Every structure is written in structure tokens, then in C-alpha cells.
Amino acid sequence: AKSYSRTNVVYYNKDVEHKVIEHKEFCQKFKNAIDKNEFYVLYQPKVYTKNNTLYGAEALVRWNNDGKVIYPGDFVEIFEKEHLISALDFYVLEQTCRDLRSWLDNGLEPVTVSVNFSNDHLGDDELVDRIIAIVDKYGIDHHLIEIEMTETVDVYEINRLLTYVNGLHKNGFTVAIDDFGIGYSSLLMLQNISVDVLKIDKAFIAELTGDAEKRENIILRHIINMAEELGVEIVAEGVETDEQRINLTDMHCHRIQGYFYDKPLFTDAFRLRLSAKTY
Ligand code: C2E
Ligand code: CA
Ligand code: CA
Ligand code: CA
């Protein structure tokens, strides 16, 4: 048994070594990929269900690596660890502003687009100024940009977040808390930070049924009511079925993002949505 476990240890180490090399190659690839414009942005519509209109969108990044599409689920975490994510987030913000500029120039009436900003930015004193510089470079009204950040556990980070939210508000941007409900400090954060939007994580939506007594539904209903009382806009993510949409409407949640309406769309497809506006 001893020699067996020793062999295992050796294999394990080799594995780790291999992973480290892979990891480094991956990060080098990233630096080249930014220069080669391999990242692109899709836009997923957000729909106001009371009148079935497009009222917003979320920018979601994709990586075209030699013709093979890589999804953020396969690189965002690594980029966060290596502190590469901030460069990518600014890249996505810039691409979003460029697209907004072109829609405006073509006479379309754009909607507010939200851009994901990793919590890895929380150490950056210049975050708000950097955002302003990019948005102003394209002459985009600040109210057309929303910043999505996730909840955080760390008290220090909550304070940083508070500073950013104030800075962003002062400059006319809106702020959304992403994946609301699955973190550890949701309520503490809400108590301290006046965000504009809560995005309910799709984990809650997946469990959604018409049964008002079901635990998951009770919690969801109360999150929605709480947001309403706090004057915070609430968006349900990951809505895939009409049943989910109807149940959300019953719970007074009227803002929806999900495959039920649209998947994340290429710029051209999204443009068509922008000119039609209604579903
Ligand atoms: P997220 O911010 O929670 O974005 C929503 C994710 O749910 C997206 O996955 C979207 O395609 C997916 N989705 C939308 N509707 C549905 C639905 O009806 N059903 C299901 N099953 N999924 C749906 P995506 O695009 O693969 O992005 C995954 C995550 O990667 C995002 O989750 C976000 O955390 C991160 N991400 C994406 N783009 C960026 C970025 O530019 N910067 C940073 N920092 N993170 C990003
Ligand atoms: Ca998001
Ligand atoms: Ca989310
Ligand atoms: Ca997220």
C-alpha cells in the first residue's frame, strides 16, 4: 500500500507541474490575444415584461482562439488569479462604448448596457477615473453605462466597494450587484451600499415553481419585496421558460434576462433588436 501511495504522490506532482506550465502558457496567450483582438463582446437583452420591451443589455465576453470559441467560465477565474482580468474588463468596456457610439451615429436609440467588473478591481484607486476616461473618449452619456460587480465577504472590500459606488453615482453611472443571493454577505452589503440594481442569480430562478409555499419561492419572493421597499431595481437572470416568467410576474419582478427572450447576441443581431425594441 505504501509504494502505491508513493506512486500516486509522484503522479500528482507531475500533474501539478504540468498544470503550472499550462497555466503560464495560457496567460502568455492572453497577452497576445488582447493585441490580436481575439476577444469580442456579445449583448444579451434585458426585457421589461410589462410592455415586452428591450430596456437594457449585458455585455458578455468571448474569446476566439484560432477559430475555437472559449467561454468566460473557462478563463475568467484564471485571469482573476493572475490579475489579468482588469485589462480584459476595460477592453470589454471600450468595445461596448465603441458599439454604443456606432448605434448612436446610426440614429438608433441605445439602451443602458451593463459591463462586468471583477472584484479584482477593488484594489484600484483609479477605477472610477479610468472608467470615465474610456466612456468620455467615445462621447457616451454616463447613464448608458452600468457597472456590474459581485457581492463580497471581506469588510475591507465592502468599504472599497462603497467608495466606488459613491464615485460612480456621483458621475452618473448606475451600479448593479451581480449574482445576488449566493454570496455570504448579501444583507450586510445591502445595508451599507445603496446600489441601483440587484441581479438575482439564476440558481434561484432554476428552482422557481408556482408553489408559493416552497422554501425557494418564499425566499425569492422576499428578496423581491425587500428590493421593492429599498427602491432597488431587480432583474432575474437565467429565465428560460414562460412558466418562470409568469411566476416572476406574479412576484412583481418585471425585469428579465435569459434565453426565454434571447441568448447573448452578436452586435448585428443586437442592433436589430435595438431598432425593433419590442418583443
Ligand atoms: P454572469 O455575469 O452571471 O452572466 C450571465 C451568464 O448567464 C452568461 O454566461 C449568460 O450567457 C448566461 N445566461 C444568460 N441567460 C441564460 C439562461 O437563460 N440560462 C442559462 N443557463 N444561462 C444563461 P457567460 O456569458 O458564459 O458568462 C459567464 C460568467 O463569466 C458571467 O456570469 C460573468 O461572471 C463572467 N463574465 C462574462 N463576461 C465578463 C467580462 O467581460 N468581465 C468579467 N469580469 N467577467 C465576465
Ligand atoms: Ca453579470
Ligand atoms: Ca450574474
Ligand atoms: Ca458573475
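Keep in mind that what you see is a predicted model, and the values were worked out from it rather than measured. One-based numbering, in listed order, for ligands and for the atoms of each.
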Do Glu25 and Lys29 meet the salt-bridge criterion of a basic N to acidic O distance under 4.0 Å? no
Residue Ser114, metal the Ca ion (ligand 2), N/O/S under 3.0 Å: no
Taking only heavy atoms of Val92, which atoms of ligand 1 are found under 4.0 Å from at least one of them? 41 (O)
Of all N, O or S atoms in Glu148, which has the smallest distance to the Ca ion (ligand 2)? OE1
The side chain to side chain donor-acceptor pair (under 3.5 Å) partner of His142 among Thr174, Asn171, Asp136 is Asp136
Under 4.0 Å, heavy atoms only, figure out whether ligand 1 is touched by the backbone of Val239, its side chain, both or neither. backbone
Atom name in Asp178, limited to N/O/S, at shortest distance from the Ca ion (ligand 3): OD1
Hey, can you tell me if Phe117 and His121 have their rings parallel, tilted or perpendicular (30° and 60° cut-offs)? tilted
If you look at every heavy atom in Leu272 and Ser275, which pair is closest and at what distance? O-OG, 3.0 Å
Numbering the atoms of ligand 1 from 1, which are under 4.0 Å from a heavy atom of Asp179? 3 (O)
Near Gln44 (heavy-atom distance under 4.0 Å), the atoms of ligand 1 are 14 (C), 15 (N)
Is the Phe39-Phe30 ring centre distance short of 6.0 angstrom? yes
Would you call Asp262-Arg273 a salt bridge at under 4.0 Å N-O? yes
From Val41, Leu60, Thr150, Leu42 - option closest to atom 8 (C) of ligand 1 by heavy atom: Leu60
N, O or S of Asp179 under 3.0 Å from the Ca ion (ligand 3): yes
Has Gly73 got any heavy atom lying under 4.0 angstrom from an atom of ligand 1? no
Ion pair Arg255/Glu233, N-O distance below 4.0 Å: yes
To the Ca ion (ligand 2), the closest N, O or S atom belonging to Glu58 is OE2
Strictly distance-based, threshold 3.5 Å: is any side-chain N or O of Thr53 a donor or acceptor partner for the main-chain N or O of Tyr55? no
Quick check: closest heavy atoms across Pro45 and Lys263, and the distance to 0.1 Å? CD-O, 4.0 Å
Mind checking whether Arg62 has a heavy atom under 4.0 Å from ligand 1? yes
Does some non-hydrogen atom of Glu58 fall short of 4.0 Å from ligand 1? yes
Under 30°, 30 to 60°, or over 60°: which ring-plane class applies to Tyr261 and Tyr279, parallel, tilted or perpendicular? perpendicular
With heavy atoms of Ile85 as the reference, note each atom of ligand 1 found under 4.0 Å away. 44 (N)
Logged contact type for Gln257 with ligand 1, heavy-atom cut-off 4.0 Å, is neither
Record the part of Val61 in heavy-atom contact with ligand 1 below 4.0 Å; permitted values are side chain, backbone, both and neither. both
Under a 4.0 Å heavy-atom limit, does Lys199 contact ligand 1 with its side chain, its backbone, both, or neither? neither
Only heavy atoms of Glu240, strictly under 4.0 Å: list the atoms of ligand 1 that pass. 17 (C), 18 (O), 19 (N), 20 (C), 21 (N)
Ring centroid separation Tyr71 to Trp63 under 6.0 Å: no
